[in-house]
Amino acid sequence: MAQTFDVCIRGAGIAGRALALLLARERLSVALVAGPKPQAADVRAYALNASSRTLLQQLRCWPDEEHATAVTQMQVFGDLDGSVQFDAASQGVDALAWIVDVPALEQRLAEAVRYQPMVEVVSEPVDAPLTAVCEGRSSRTRSEFGVDFAITPYPQHALATRLRCELPHGQSARQWFSNEGILAFLPLDGAQGQEVGVVWSTAPEQAQAWQAADAQDFAEHLQAISQNALGSLSLSAARMCWPLQQAAADHWCGRMPGDAARSWVLVADAAHNIHPLAGQGLNLGLGDVQALARILQERAYWRSTADLRLLRRYERERKAALAPMGLAMDGLQQLFARPEVPVQMLRNLGMKGFERLGPVKHWVARQAMSH
Ligand SMILES: Cc1cc2nc3c(=O)[nH]c(=O)nc-3n(C[C@H](O)[C@H](O)[C@H](O)COP(=O)(O)OP(=O)(O)OC[C@H]3O[C@@H](n4cnc5c(N)ncnc54)[C@H](O)[C@@H]3O)c2cc1C
């Protein structure tokens, strides 16, 4: 007899694999549909918060210290002399975030899936009461289900790579806002590391030109934008580009076309995209994973995983969590995208004022750490 599944997960990225492992722990049988392997390794490193870390630790997939560097300080610089600093000690925590090597995390998740007997990796979608769509921002299944995905493109691409630095990063994450966009240096390789993950959000033509530019010229240009903070820099990985967008699906769950007994639900980037400037996209996605797994686990024994009341509860809960984060990222991106001198002065003055506002600053830091 053919194997039956409780849930079919389409997409074996970080969100899809984490969801598969979490549901399997609740004794649900899962088919995980894996797409073709990517051509090149991901050069990115993600800033993950405490809640994502706890989830990945519970799944025994949190990478070792070398691949998950604790951030004890964050420094944000404006284009005049405005700056804001956060540090873990004054927030009463061990780390503000962790910078996680993406290939290392993907490998840990893939291994855990291999040893989980309740998860079967398949190459085509299978029938199940619930289909969870974890196919990322360009999800084909979401389009097939006729979901409206309202996209607002930013006039920016993110150019990501890695740099070796003359000076140790000192576990500090640094960000520079300027007319050339937003440049982030994220500490890698553990506490003593001298390598940083780079995310530079800049005009598309600028991103494309610098992606193709001579490696030494590129490193020197970033050294100038970063005000020589880590000394001389050299490129240590390929350069990859992502167009940036804010996007959200109008509805996140529904009945499978032509089958009233089966349902679908959108999870993580398939449901929403935000600007990566505060490194929150996957944190929100893993929040979706936790909420969906909890709601399915708490259901009455006679309710199916396809029950739309459960899925709508998940949608309401997660849309509420997403709204403030999406608005904040959009506002910051727009404030720093304006080249006019008064706006430039205003944002630097704003940064200085913010730096003096102890309780407000503390509140903002806690919001960023916990979402
Ligand atoms: C430059 C940049 C930096 C970022 N930095 C951070 C950060 O610091 N912190 C943070 O929290 N977030 C960050 N993000 C956001 C983060 O990348 C995403 O939120 C995260 O990758 C979403 O994971 P996902 O599993 O939903 O989607 P994806 O990572 O896109 O995975 C989707 C998977 O589904 C597969 N797939 C697609 N279609 C099909 C199909 N039809 N059938 C089967 N499989 C399919 C794909 O091959 C892929 O494996 C950043 C994003 C960018 C662009």
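Indexing begins at 1, ligand by ligand and atom by atom, following the structure's order.
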Q: Any idea which protein heavy atom is nearest atom 30 (O) of ligand 1, and the distance to it?
A: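 That would be G136 CA, 3.5 Å.
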Q: With a cutoff of 4.0 Å, is Q280 in contact with ligand 1, counting heavy atoms of the residue only?
A: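 In this structure, Q280 qualifies as a contact of ligand 1 - some heavy atom is under 4.0 Å.
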Q: What do you reckon, does G279 have a nitrogen or oxygen under 3.5 Å from a nitrogen or oxygen of ligand 1?
A: yes
Q: Would you mind writing out the side-chain donor-acceptor pairs for residues 202-210 within the sub-3.5 Å range, not counting sequence neighbours?
A:
unit_1, atom_1, unit_2, atom_2, d
T202, OG1, E180, O, 2.8
Q206, NE2, E180, OE1, 2.6

Q: Cut-off 3.5 Å, side chains only: do N228 and Q223 have a donor facing an acceptor?
A: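 The answer is yes; a qualifying pair exists.
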Q: Tell me the protein heavy atom at minimum distance from atom 11 (O) of ligand 1, and give that distance in Å.
A: L282 N, 2.8 Å
Q: Are the side chains of F185 and L233 in touch, meaning some heavy atoms are under 4.5 Å apart?
A: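 F185 vs L233: side chains touch.
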Q: Using a heavy-atom cut-off of under 4.0 Å, does the side chain or the backbone of C134 touch ligand 1, or both, or neither?
A: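 The backbone, only.
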Q: Should you measure from each heavy atom of A268, which atoms of ligand 1 turn up under 4.0 Å away?
A: 26 (O)
Q: In ligand 1, which numbered atoms sit nearer than 4.0 Å to a non-hydrogen atom of A15?
A: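 Those of ligand 1 that fall under 4.0 Å from A15 are 24 (P), 25 (O), 26 (O).
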Q: Rounded to the nearest 0.5 Å, what separates atom CD in E26 from atom CG in L296?
A: 9.0 Å
Q: State, without any angle test, whether Q75 and S172 hold a side-chain donor-acceptor pair at a distance under 3.5 Å.
A: yes
Q: Below a 4.0 angstrom heavy-atom separation, can you tell me which part of I14, side chain or backbone, both or neither, approaches ligand 1?
A: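 The part of I14 near ligand 1 is the backbone, not the side chain.
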Q: What do we get for E135 next to ligand 1 when only non-hydrogen atoms under 4.0 Å count, side chain, backbone, both or neither?
A: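 The answer is both.
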Q: Are H157 and Q211 packed together at the side-chain level, in the sense that at least one heavy-atom pair is separated by less than 4.5 angstrom?
A: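 No - every pair of side-chain heavy atoms lies 4.5 Å or more apart.
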Q: Show me which atoms of ligand 1 lie under 4.0 Å from any heavy atom of D269.
A: 18 (C), 19 (O), 22 (C), 26 (O)
Q: State the CD1-CD distance between I274 and Q245, to the nearest 0.5 angstrom.
A: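 Going from CD1 on I274 over to CD on Q245, the span is 12.0 Å.
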Q: I'd like to know if F145 and V33 are part of one continuous hydrophobic network [Ile/Leu/Val/Met/Phe/Trp/Tyr, side-chain heavy atoms within less than 4.5 Å].
A: no
Q: Report the member of A47, G11, A97 with the shortest heavy-atom distance to atom 35 (C) of ligand 1.
A: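 Nearest heavy atom to atom 35 (C) of ligand 1 lies in G11.
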Q: Do the side chains of R313 and D307 get close enough for a salt bridge, i.e. N-O under 4.0 angstrom?
A: no
Q: Going by the angle between their ring planes, with limits at 30° and 60°, are H275 and Y154 parallel, tilted or perpendicular?
A: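 H275 and Y154: perpendicular rings.
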Q: For atom 47 (O) of ligand 1, what's the nearest protein heavy atom and its distance?
A: P36 O, 4.6 Å
Q: Please check whether N283 reaches ligand 1 - meaning an N/O of the residue sits under 3.5 Å from an N/O of the ligand, judged on distance alone.
A: yes
Q: Below a 4.0 angstrom heavy-atom separation, can you tell me which part of Y46, side chain or backbone, both or neither, approaches ligand 1?
A: both
Q: Only heavy atoms of R44, strictly under 4.0 Å: list the atoms of ligand 1 that pass.
A: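 Listed by number with element: 1 (C), 2 (C), 3 (C), 17 (O), 51 (C), 52 (C), 53 (C).
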Q: Quick one: which ligand 1 atoms are inside 4.0 Å of a heavy atom on G35?
A: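 Under 4.0 Å from G35, ligand 1 has these atoms: 43 (C), 44 (N).
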Q: Show the atoms of ligand 1 that are less than 4.0 angstrom away from any heavy atom in A158.
A: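 Close to A158: 1 (C).
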Q: Does NZ or CZ of R10 lie under 6.0 Å from the centre of the six-membered ring of W264, at an angle within 45° of the ring axis?
A: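 Not satisfied by the 6.0 Å and 45° rule.
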Q: Just jot down the ligand 1 atoms closer than 4.0 angstrom to any heavy atom of G13, in number order.
A: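 Per the distance check, 25 (O), 31 (O), 33 (C), 49 (O).
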Q: Only distances under 3.5 Å count here; give the side-chain donor-acceptor pairs of residues 115-125 to other protein atoms, sequence neighbours excluded, each with its distance to 0.1 Å.
A:
unit_1, atom_1, unit_2, atom_2, d
Q116, OE1, M118, N, 2.9

Q: So if I count the atoms of ligand 1 from 1 in the order they appear, which ones are less than 4.0 Å from some heavy atom of R140?
A: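 Taking each heavy atom of R140 in turn, ligand 1 has 41 (N) under 4.0 Å.
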